[in-house]
Chemist: 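Please find one structure pasted underneath; my questions will follow.
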Amino acid sequence: MGSFTKIGLLFFSLLIQIHGSDSFHKEANIENRECDLFDGSWVYDDSYPLYEISKCHFLEKQFECLGRPDKNYLKYRWQPHGCNLPRFNGEDFLRRFKGKSLMFVGDSLSLNQWQSLTCMIHSSMPHIMHISHTDKGLSTFTFTGYDVKLILSRNAFLVDIVDEPIGRVLKLDSIEEGKLWKGNDVLIFNSWHWWLHTGRKQPWDFIQVGKHLYKDMDRLVAYNIALKTWAKWVDDNVDSAKTKVFFQGVSPDHANGSKWGAPASTSCVGQKLPISGSKFPGGPLPAELTLEKVTRNMSKPVNLLNITTLSQLRKDGHPSIYTGHGSHFSDCSHWCLPGVPDTWNILLYASLFYN
Ligand SMILES: *[C@@H]1O[C@H](CO)[C@@H](O)[C@H](O)[C@H]1NC(C)=O
Ligand SMILES: *[C@@H]1O[C@H](CO)[C@@H](O)[C@H](O)[C@H]1NC(C)=O
Ligand SMILES: *[C@@H]1O[C@H](CO)[C@@H](O)[C@H](O)[C@H]1NC(C)=O
């Protein structure tokens with residue numbers, strides 16, 4: 001059995017006063033009550049959003065959703081059923097994380113979450129930041145006064161893609177890039193969306209497993225092999241005393257309405273409301289189940305940020321046609337900021353500091 005740690009279990013200590021029948025009072029029994037932070041629903045909250053995008057000039061245009069006429073999507077707060085989440089406080093984050101570094105490793109959904117986190121903090125602490133980019137695909141956002149680094153390492157597959165004489169080879173057994181990840185205090189991985197790309201958006205020509213080269217294979221099978229390679233990398237390379245490892249769960253898209261009981265031709269475009277309640281009609285995603293299985297089987301503790309279901313409920317949260325590229329293009333995969341990734345970061349904050 002691996003030591004898979006399920007985060008989202010916030011433990012409450014309840015001091016129970018036991019009133020004995022023989023007339024003396026005894027204070028006893030610290031009872032632990034579990035609260036699953038990922039089981040809940042979206043509630044309208046007038047105090048939202050948590051920040052103004054105008055304070056974060058560094059945000060990508062595609063996440064700003066400028067020109068979007070409906071504004072209700074900014075107003076939803078995630079409410080777990082069994083407890084309340086802490087309210088995000090940027091200064092508190094920096095104080096608790098002083099001198100440390102956190103790295104997101106993944107695709108543009110990691111970019112989405114990294115931008116959300118940097119803006120959540122920057123908007124409350126505006127004068128002390130510095131952004132740098134390196135040729136290794138790293139972007140670093142430094143809060144200088146606290147020596148806190150929030151780093152993004154763009155990496156769509158986690159395993160390597162290598163240029164070879166026969167073409168670009170996606171190597172499911174190999175993680176050379178891992179040397180860039182070592183030494184951080186927190187690592188947050190994510191990968192899925194690029195596994196689905198075909199045609200011109202597919203950045204490899206062959207898939208390699210062991211000595212075998214394949215022209216193509218079932219993408220979920222390939223993802224599973226790559227995740228096991230990643231899991232082995234973590235088990236072999238992460239010093240758990242120093243580094244806390246998270247996996248950002250699979251971020252759902254809303255390109256096909258049949259998943260939530262609408263016509264298949266319906267997408268995220270024009271969606272103004274979340275799905276109410278805590279169950280997504282379309283059920284879990286196959287990739288999510290694959291990821292859960294792999295993380296459960298690891299020897300090092302890995303925290304799964306189980307954001308799939310709560311994000312599935314936010315069919316209203318995507319840029320849709322407000323990406324800055326004109327209304328002929330719609331994006332039902334990424335998320336508007338402020339928006340859903342802010343909640344991912346509140347859950348991260350709760351898991352790091354309030355667990
Ligand atoms: C993730 O959260 C959903 C919704 O609460 C739940 O159904 C699922 O079992 C959770 N997965 C894990 C691994 O905890
Ligand atoms: C939408 O999903 C349904 C059910 O999974 C599927 O039959 C249909 O082909 C999908 N439509 C599109 C446009 O992807
Ligand atoms: C679990 O881990 C073991 C040892 O690393 C590996 O041999 C096995 O295939 C894994 N099982 C699953 C379901 O991932």
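Being a predicted model, the structure only gives us computed values, none of them experimental. Every number for a ligand or one of its atoms is a count from 1 in the order of the listing.
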Chemist: What are the atoms of ligand 1, with element, lying closer than 4.0 Å to any heavy atom of Thr309?
Modeler: 3 (C), 4 (C)
Chemist: Which ligand 1 atoms does Glu292 reach within 4.0 Å, using its non-hydrogen atoms?
Modeler: 11 (N), 12 (C), 13 (C)
Chemist: I'd like a table of donor-acceptor pairs (distance under 3.5 Å, sequence neighbours excluded) in which one partner is a side-chain atom from residues 193-201, with atom names and distances.
Modeler:
| residue | atom | partner | partner atom | Å |
| --- | --- | --- | --- | --- |
| His193 | NE2 | Ser251 | O | 2.7 |
| Trp195 | NE1 | Ser191 | OG | 2.8 |

Chemist: Between Phe247 and Trp230, does the ring centroid distance fall short of 6.0 Å?
Modeler: yes
Chemist: Can you confirm whether or not the ring centre of Tyr223 sits under 6.0 Å from the ring centre of Phe157?
Modeler: no
Chemist: Polar-atom distance check: Glu288 versus ligand 1, any N or O pair below 3.5 Å?
Modeler: no
Chemist: Taking the six-membered ring for Trp, is the centroid-to-centroid distance between His318 and His254 below 6.0 Å?
Modeler: yes
Chemist: What do you reckon, are the aromatic ring centroids of Phe189 and Phe246 less than 6.0 Å apart?
Modeler: no
Chemist: Give a yes or no on whether the ring-centroid distance for Tyr146 and Phe97 is below 6.0 angstrom.
Modeler: no
Chemist: Would you mind running through ligand 1 and noting each atom that sits below 4.0 Å from a heavy atom of Phe38?
Modeler: 4 (C), 5 (O)
Chemist: Which of these, Asp185, Val186, Leu187, Val234, sits in a side-chain contact (heavy atoms from CB on, under 4.5 Å) with Thr243?
Modeler: Leu187
Chemist: For Phe58 and His122, I'd like to know if the aromatic rings sit close, meaning centre-to-centre distance below 6.0 Å.
Modeler: yes
Chemist: Considering only heavy atoms, which protein residues lie less than 4.0 Å from any atom of ligand 2?
Modeler: Asn256, Ser258, Lys259
